[in-house]
Amino acid sequence: MLNAPATELPGSPVAAFTLRDVPRWHRFPMMRDMMADGHPPFMRAVLTATREDPEAPFDAGIAVHTTGELACTDLYTEAVTYARTERAVAASSVDVYGLHLQVEGVSHSTQGGQTRTHQPGSLMLMDCNVPFHVCEPGWAQHRVIRIPRRQLDALIAPGWQRQGIHCAQPGLGSVLTQYTRRSPRRWAGSARLSAAQAGAALDNLCRLLALYADAQTKQADPADRAINAARLIQVRRHIEQHLADPALTPASVAAAHRISQAACTCCSSRPA
């Protein structure tokens, strides 16, 4: 059982790792090396970890709970900064998204040029195949639910991955936060879910995320809608100017405008 300094982690984990039995001067190097190696089953992606004083006292721990495709990671850490670079993405592309719940403490994340501060209860859907930078200024605890990319991609239009989705609004955002906070107790406790039940729970979570993403799109800032409209005009103009070019493909148009191929196909097929 992995014991956090404050909140006890639910259920019996499939795998757990803590630094508490490691000499303090070895704790951070061990965690740093584990992140750099993408050490399974805890780390699914290569990360770079840094501290102002690598030899200062440090404590951290991770517990992974799984049932079928439903996987939840509970982790705690003292002050640390970690990043996922373009090189790390190229070396360890992952087939899941991460739904991150800030349980305790504060963290600051930067991805796609967007910086956010996460307070307890803050929920963030992230694509770890997009480089990011996270600063934990002090002790913090997180919960991460892994979501298969193929399952969520079938429900949410592409384009959100660059900056992630911050579920901070009341209403449906609160429902998502409570679902993420409480659900691991359902599948990791004494009344453990079957693989089929866990799959249904994961499907429900994905559909809630899709509803939230759709609501956020409809509430988009007018400036964002203007940018999207201008991009649509540019894509169509590019296609009209290169109709005779045999090299014209959705991939080439997407590359020319720095958008996803799926978004490009959607733009080119949308009626005027």
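Just so you know, residue 1 is the first one in the sequence shown, and it goes up from there. Note: hydrogens, waters and symmetry copies are ignored here, and every other heavy atom, side chains too, is used.
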Between [Y] and [X], is there a side-chain donor-acceptor contact under 3.5 Å, judged purely by atom types and distance?
| X | Y | value |
| --- | --- | --- |
| Thr117 | His108 | yes |
| Ser109 | His133 | no |
| Glu136 | Thr81 | no |
| Ser174 | Tyr179 | no |

Heavy atoms only: give me the nearest [X]-[Y] pair and the separation to one decimal.
| X | Y | value |
| --- | --- | --- |
| Leu19 | Met30 | CD2-SD, 3.9 Å |
| Glu69 | Pro148 | OE2-CG, 4.0 Å |
| Ala49 | Val80 | CB-CG2, 4.3 Å |
| Ala71 | Thr66 | CB-CG2, 3.7 Å |
| Thr18 | Tyr76 | OG1-OH, 3.3 Å |
| Pro54 | Pro29 | O-CD, 4.3 Å |

Check: [Y] main-chain N/O paired with [X] side-chain donor or acceptor under 3.5 Å:
| X | Y | result |
| --- | --- | --- |
| Arg51 | Ala79 | yes |
| Ser93 | Val89 | no |
| Arg27 | Ala60 | no |
| Gln102 | Gly105 | yes |
| Gln111 | Val130 | yes |
| Asn129 | Val94 | yes |

Mutual orientation of the aromatic rings belonging to Phe17 and Phe42 [parallel < 30°, tilted 30-60°, perpendicular > 60°]: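 The rings of Phe17 and Phe42 sit tilted, inter-plane angle from 30° to 60°.
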Note: Arg149-Asp127 ion pair, threshold 4.0 Å (strictly below):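 Looking at Asp127 together with Arg149, the answer is yes, because their closest N to O distance falls below 4.0 Å.
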Is any side-chain heavy atom of [X] closer than 4.5 Å to a side-chain heavy atom of [Y]?
| X | Y | answer |
| --- | --- | --- |
| Phe58 | Asp53 | no |
| Leu101 | Thr180 | yes |
| Gln141 | Leu75 | no |
| Cys128 | Arg44 | no |

How long is the span from the [atom1] atom in [X] to the [atom2] atom in [Y], to the nearest 0.5 Å?
| X | Y | atom1 | atom2 | value |
| --- | --- | --- | --- | --- |
| Asn204 | Leu202 | CG | CG | 9.0 Å |
| His166 | Arg116 | NE2 | CZ | 6.5 Å |
| Gln151 | Cys206 | CD | SG | 4.0 Å |

Going by side-chain contact (heavy atoms from CB on, under 4.5 Å), name the residues that satisfy it together with Val46, two or more places apart in sequence or in a different chain.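 For Val46, the residues satisfying side-chain contact (heavy atoms from CB on, under 4.5 Å) (neighbours in sequence not counted) are Arg84, Ala88, Ser92.
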Side chain to side chain contact (heavy atoms under 4.5 Å, CB included), paired with Leu123, selected from Leu99, Ile145, Leu209: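 Passing option: Leu99.
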Please list, one pair per line, the donor and acceptor atoms closer than 3.5 Å that link side chains of residues 157-165 to other protein atoms, with sequence neighbours excluded.
from   : atom 1 : to     : atom 2 : distance (Å)
Gln161 : OE1    : Gly159 : N      : 3.0
Gln161 : NE2    : Tyr97  : OH     : 3.1
Arg162 : NH1    : Gly112 : O      : 3.0
Arg162 : NH2    : Gly112 : O      : 3.4
Gln163 : NE2    : Gly112 : O      : 3.0

Is Met126 linked to Leu47 within one hydrophobic cluster, defined over Ile, Leu, Val, Met, Phe, Trp and Tyr using a side-chain heavy-atom separation of less than 4.5 Å?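 Yes; tracing contacts between hydrophobic side chains, which count when under 4.5 Å, links both residues.
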Around atom CD of Gln114, are there more than 12 heavy atoms from other residues, nucleotides or ligands closer than 6.0 Å?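 Result for CD/Gln114: enclosed.
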Evaluate the criterion ring-ring contact (aromatic ring centres under 6.0 Å, His included) for residue pair His142 and His118; output intermediate values, then yes/no. CA-CA 11 Å; His142 304 266; His118 306 280; 8.4 Å; no
